[in-house]
2 protein chains.
Amino acid sequence: MATTINGPTRAPNGAAKDIRQLSIDTIRVLAMDAVQQANAGHPGTAMALAPAAYVLYRDIMRVSPSNPDWPGRDRFVLSAGHACILQYVTLHLAGYDLPLAELKRFRQWESLTPGHPEHFLTPGVETTTGPLGQGFANAVGMAMAERVLAQRFNRPGIDVIGHHVYVIASDGDLMEGVSQEAASLAGAFGLGKLIVLYDDNRITIDGTTALSWDHEDKDKRFDAHGWHVQSVADVNDADGLRAAIEAARHETRKPSLIRVRSHIAWPAPNARDTASAHGAPLGADEVAATKQILGFDPDERFVVPPGVAEHMSRVDDGRELEADWRRRLDAWRAEFPSLAEEWERVESGHPAPGWTDALPRFEPGGKSGIATRAAGGKVLRALQPFAPTMIGGAADLVESTKTEFEGAGRFARRYAGRNVPFGVREHAMGAIVNGLALHGGIVKPFGSTFLVFSDYMRPSIRLSALMGLPVVWVFTHDSVGLGEDGPTHQPVEQTMSLRAIPNLWVVRPADANETSAAWRLALERREGPVAILLTRQAVPVLREAVDAAAAGVAKGAYVLFDSGAAESGADGTAAGRGSAGADADGTGTSGRSAKTGAGNGATPDLVLLATGSEVWVALEAARALATDGRAVRVVSMPCWEVFERQPEDYRLRVLGPDNTLRLSVEAGVSLGWRRWVGDRGESIAVDRFGASAPGTTVLEKLGFSAEAVRLRAQALLERA
Amino acid sequence: MATTINGPTRAPNGAAKDIRQLSIDTIRVLAMDAVQQANAGHPGTAMALAPAAYVLYRDIMRVSPSNPDWPGRDRFVLSAGHACILQYVTLHLAGYDLPLAELKRFRQWESLTPGHPEHFLTPGVETTTGPLGQGFANAVGMAMAERVLAQRFNRPGIDVIGHHVYVIASDGDLMEGVSQEAASLAGAFGLGKLIVLYDDNRITIDGTTALSWDHEDKDKRFDAHGWHVQSVADVNDADGLRAAIEAARHETRKPSLIRVRSHIAWPAPNARDTASAHGAPLGADEVAATKQILGFDPDERFVVPPGVAEHMSRVDDGRELEADWRRRLDAWRAEFPSLAEEWERVESGHPAPGWTDALPRFEPGGKSGIATRAAGGKVLRALQPFAPTMIGGAADLVESTKTEFEGAGRFARRYAGRNVPFGVREHAMGAIVNGLALHGGIVKPFGSTFLVFSDYMRPSIRLSALMGLPVVWVFTHDSVGLGEDGPTHQPVEQTMSLRAIPNLWVVRPADANETSAAWRLALERREGPVAILLTRQAVPVLREAVDAAAAGVAKGAYVLFDSGAAESGADGTAAGRGSAGADADGTGTSGRSAKTGAGNGATPDLVLLATGSEVWVALEAARALATDGRAVRVVSMPCWEVFERQPEDYRLRVLGPDNTLRLSVEAGVSLGWRRWVGDRGESIAVDRFGASAPGTTVLEKLGFSAEAVRLRAQALLERA
């Protein structure tokens, strides 16, 4: 696609060399130099796969280096992220804003060339890879996103969406379970625009693939997954590689795997085909010897021979490709203005205006209450019309997680419905949802399963946080309160271990209205993922939260109930009632009782800090304590991370002054709660695994009844 | 194998019915009754697979119900753990100590019949399943254990080890990545004694398998994994099923998959072949209708028709099987007494006497120190001769994790070497190591990878803790100090999130000698797993820990350094030196400075709490502070969980009295540290993701230099 230079070119040593081969060898040499300079990195795969990167970036992909975010571009995922120097060098040569100086700063503090690709850092890098298998599965998500958008926005005669997703994957990528799950889904959905080059180099870190990989017939396995499979006998056969990719593009009903035989560190005379070339620099001598083989001067570093940059640049033709696309987009926009408006909105990642007003409000009362998972389902369906490209699903638990769009169809081979049947594949779900977000155009993709199974997809959750992706994780059955399924299904440590992940917001709403507010928080957050933790069991719709939840959840924690000053209530009735309900600034009846400063008569005797399904229990306990004349406050703390970001003044108004007695109530491990209850405080927690029995039984046995909370609180008050 | 009843038997309604069919139908009816009584559970699969359970327990498996732990037994794993009532009913009928009363208490508090199988609870249950794919992979580990032990203990003419591992797996099990990884390894290792019945019922929770499973050719996939594959067209064809299992037993070079077509909830007239029959009771009417179809009285519950218990009991023939085996064992014991002694030791899970004396001691000094991963490797090799059946490995990172036995070979098709090349399959590694431990005879199996990738195997780590398995998880590259590989490879939240798992001990040793002590702790623990977290980078061998580490690590935390009383040191030199070195009870120079009670002149001004590679940094900072006349203590806290179990008196002696000023230093999230530093304290932590740069740079930039710690400490002291 780029312009072709006619006539022979020369290698640095003066020997005639085809410009294509010279460009490929330049990639190899720059990769060696960068790794050697950093004295760390993975040179072997980068050297071996230089022809693949060359063919993709020079001949195949529709990209525009001057606008790496052009929505019409093909996507490229280096699932074998350890070989990132291959991508960096190629991006540099293709004309992306990644100067040679950054290649020289490979793997250094605050360089644009980190040790594994970081999509938020380096222009042209579409996703953060390194943890194996993730990139592969991200790419499946990207190809699904392309299909959703093409279906929604293309009109007969005018295609505004139509691009491919290319992947380079290693042995390790394909060994990982996450990629196998994702490969199966890609086959199920017939993602014809997904093309994976598998680097079949027969080397693993611990030796050769004979150890535990050669026995597996990869071609047959991918065929069994429903893929179109080809092989290329030598990666250095660039024409053969190109032909295979073209054939893969012609196969539109199946994803394609192209198994490409390569030799790690090729053509290094000694390092070639060795495991050590995977993860360690070659050493100066080997680099020099290799340069000599390639016709480069062993004494020079970071050399780009004349003609190579011009030959490999995609800047000009990329601009043309983009301009063509924009002309098509303009014509389409003229013909379908409302569609175009929607397009712009989804590209910006926002739901349609009015969505916040559509969020359901739940009225208190009713005997049995409503499970927050059920409330969550209602919220999702209320949002449904406002975010037409929002898609998501569950790992074969949609009946339980209630995360289904009504009448929006299922994502399948022939139709890209909004409900994705991920199957029992949590990990692929996580990485695919990340891919949907990375692609762009998909507003707030989500995945859901039971909270305990968030462990199965934790690496992808972590990456969503590291990448700052605007995705939603819906985890239901969020405590031992789920009951009979027992300890294998009862989360205990999951809420806290999710809180441990930087940049992930974990929201555990207390009731239906907090659930509505939690979804609002999730939709409004742009800079990272939000996990919403919901109950299996019914919980009351709290009178105290009806008006307060929206503002309160937005602040992470808020006063839900304040029984009033202690001194007033000797008779045990009046003082304990009636003061519930939080005002708009989320601090509840703070005017009366939540002033900062110790010794204030209105400072509560005790603050109960609770989350999720334990909030109503704490409220009942507080009411009982209030009738005994105690000044008790209940704080709902749905989101620690957001509460941490509030001004100290607000936090003190909610928590009470430093020395306030506090008791936390959460059906999970106590680890981490000391931060909030302080040295004087205590935690009602679950520092053990759960048990199989009806949910109410388990909760009661473990101390989560109103009466048990009241007794613990009373004992704490008496000791204090 | 059990005795056969001659002549016709009758169903409860009087119709003639073959005893075999009657027994199968009894399993179905009891399963329905138990689920209905619990009003929760998964009846459909249990009903459908009754013939499979019957054939396995009645005709195929060598088991001894009166001694469920008989080492010579065949293993059975219900990977589809949700169908546990199938196993409970069959165990009851086969004569295990699981009375009918327990079937009636299905899924109730403290019953022996929890909602998913718990191996530590129910006689005859070999592993805890429910999280899908885990049981499948456990079984791979069990089959590997069998091979290790057979190779080690069998002698020509006398086989004391020789049994099979049978699995029932569901669609969901096979969709999960962990099972795909494990299937590939089973193929690589040619585990001929592993036989998996795959329940091909074409129903998933969210509907039919058409959603995202039918497209996959499972037979072809398992063939590609290197398995022997058969299919049985109807699970009700018990003879066909038996024949397939026999054929699988004859195929000794490959693991076997038998795909068995079944109809969920068969023969329930309405629930059959429906997704709802998966996870919900059928309802009283449907149960009644099904009973009628099967010739049972709809009004009676928990009925075992005459003849069934006798027909299905394996008690007598199990005793005979066991007695035969014991005779063989006795003959073997007489011929190979030292082998027999070793056998008894490994069955009890202990290394050979003298192992503690063999643990290496590392001398301080030397410029560069030693990475704790390297120390760990030395420890492992020191233990090597003492635990001949200890096996383990890494997820293709053994060069990095240093967890290799020398000259002990690799586990492969022809030879069960002690180094298992798991490939890039962390999750399968976790579940397989669990399986090795569950089997028995394998002393302290272990798995290793980078700490950040513990996330990939977290569900298996959790199960090791839930089951209380004596396994070791070795996680190296345990902080941002690993350097250039960047944030995808740098653990930040992993140390704390592992600490959140109940019953898992997390040990992060400060130096080589603490590493030796950590392995000792790990080998001595019987009631659960131990995770050992090790550095990539070199750390000094601490003079202070040489003699103190063994006792100190065994208590979880101990005083490593105490600069002496504050009042003495105005000149900034004398007071700050020389008092290092902890005494045998692990409280360091406690006689002088670590008395309990505030106001004691010897109470330190500040206690630095550190773990792992941050301990030497804290020590350097403390020495600098001591020269300024501050009384500073350094506590190494390698294992919180063990420290928590110490008497309060010891904890106070180490931490100082309640109001002591404390500063924690750990290159991980601060979450959880408040527990130890208290309200007055602070934490030097990493509450963000890492960055790609040389390790020392990253550590320094994030505040983990001695000077940065000193400054933070000084500021804290000044504020206090």
Side-chain angles (χ1 to χ4, degrees), chain A residues 40 107-109 114-116 130-132 172 175-178 180-181 184-185 187-188 204-206 211-213 215-217 220-221 224-226 396 398 421 423-425 427 455-456 458-459 466 484-488 493 496-497 500-502 669 671-672 674-675 678-679 688-689 692-693 697, chain B residues 40 107-109 114-116 130-132 172 175-178 180-181 184-185 187-188 204-206 211-213 215-217 220-221 224-226 396 398 421 423-425 427 455-456 458-459 466 484-488 493 496-497 500-502 669 671-672 674-675 678-679 688-689 692-693 697:
Chain A
R107 296 184 147 228
Q108 302 308 304
W109 184 259
H116 288 84
L132 289 169
M175 285 189 227
E176 288 285 6
V178 60
Q180 304 192 54
E181 294 174 8
S184 184
L185 281 168
T204 71
I205 297 180
D206 285 348
L211 293 175
S212 71
W213 186 229
H215 75 287
E216 182 152 312
D217 185 332
K220 190 184 278 180
R221 167 147 79 81
H225 285 317
D396 198 37
V398 77
V424 190
R425 303 181 182 97
H427 203 170
D455 280 357
Y456 270 74
R458 196 169 162 89
L466 174 58
E484 290 91 343
D485 274 341
T488 53
E493 73 279 25
M496 199 60 71
S497 63
I501 299 177
V669 294
L671 181 97
R674 183 70 71 89
R675 161 87 178 85
D679 290 351
R688 49 161 283 181
F689 290 108
S692 174
T697 305
Chain B
R107 297 185 147 227
Q108 303 308 305
W109 183 259
H116 288 85
L132 290 169
M175 285 188 228
E176 288 284 6
V178 60
Q180 303 193 53
E181 294 174 7
S184 183
L185 281 168
T204 71
I205 297 180
D206 285 347
L211 293 175
S212 71
W213 186 229
H215 74 287
E216 182 153 313
D217 186 331
K220 189 183 278 181
R221 166 146 80 81
H225 286 317
D396 197 37
V398 78
V424 190
R425 304 180 182 96
H427 202 170
D455 280 357
Y456 270 75
R458 198 170 160 87
L466 174 56
E484 290 90 343
D485 274 343
T488 53
E493 73 279 24
M496 199 60 71
S497 63
I501 299 177
V669 295
L671 181 98
R674 184 69 71 90
R675 160 88 178 83
D679 291 350
R688 50 161 283 182
F689 289 107
S692 173
T697 305

With respect to chain B, which residue among A:I501, A:T697, A:V669 yields the maximal number of heavy-atom pairs within a distance under 4.5 Å? A:I501
Name the option with the most non-hydrogen atom pairs under 4.5 Å to chain B; the candidates are A:G678, A:P502, A:S184. A:P502
Testing the basics here: between A:D206 and A:L211, what is the closest heavy-atom pair and its distance to 0.1 Å? O-CD1, 3.7 Å
Using only atom types and a distance under 3.5 Å, with no angle test, would you say the side chain of A:D455 pairs donor to acceptor with the backbone of B:R458? no
Heavy-atom donor-acceptor pair, B:S692 side chain to B:E484 backbone, under 3.5 Å: yes
Answer key: most heavy-atom pairs under 4.5 Å with chain A among B:G115, B:G172, B:A40, B:A188 is B:A188
For chain B, which candidate among A:S212, A:S497, A:G177 shows the most heavy-atom pairs at distances under 4.5 Å? A:S212
Please determine, among A:P487, A:G672, A:G226, the option with the most heavy-atom pairs under 4.5 Å with chain B. A:P487
Report yes if the side chains of A:K220 and A:H225 come closer than 4.5 Å at any heavy-atom pair, otherwise no. no
Check: A:M496 and B:L671 side chains under 4.5 Å, non-hydrogen atoms: yes
Sub-3.5 Å donor-acceptor pair from the side chain of B:Y456 to the main-chain atoms of A:V178, do we have one? no
If you count heavy-atom pairs within less than 4.5 Å of chain A, which of B:R674, B:E216, B:R107 leads? B:R107
Got a donor-acceptor contact below 3.5 angstrom from the B:E176 side chain to the A:R425 backbone? no
Under a 4.5 Å heavy-atom cutoff, which of A:R688, A:R675, A:R221 has the most pairs with chain B? A:R675
Top residue by heavy-atom pair count (under 4.5 Å) with chain B, among A:L185, A:D217, A:T488? A:T488
Is A:H427 in contact with chain B via its backbone, its side chain, both, or neither, using a 4.5 Å heavy-atom distance? side chain
Heavy-atom pair count under 4.5 Å with chain A, highest-scoring of B:V398, B:T204, B:L466: B:L466
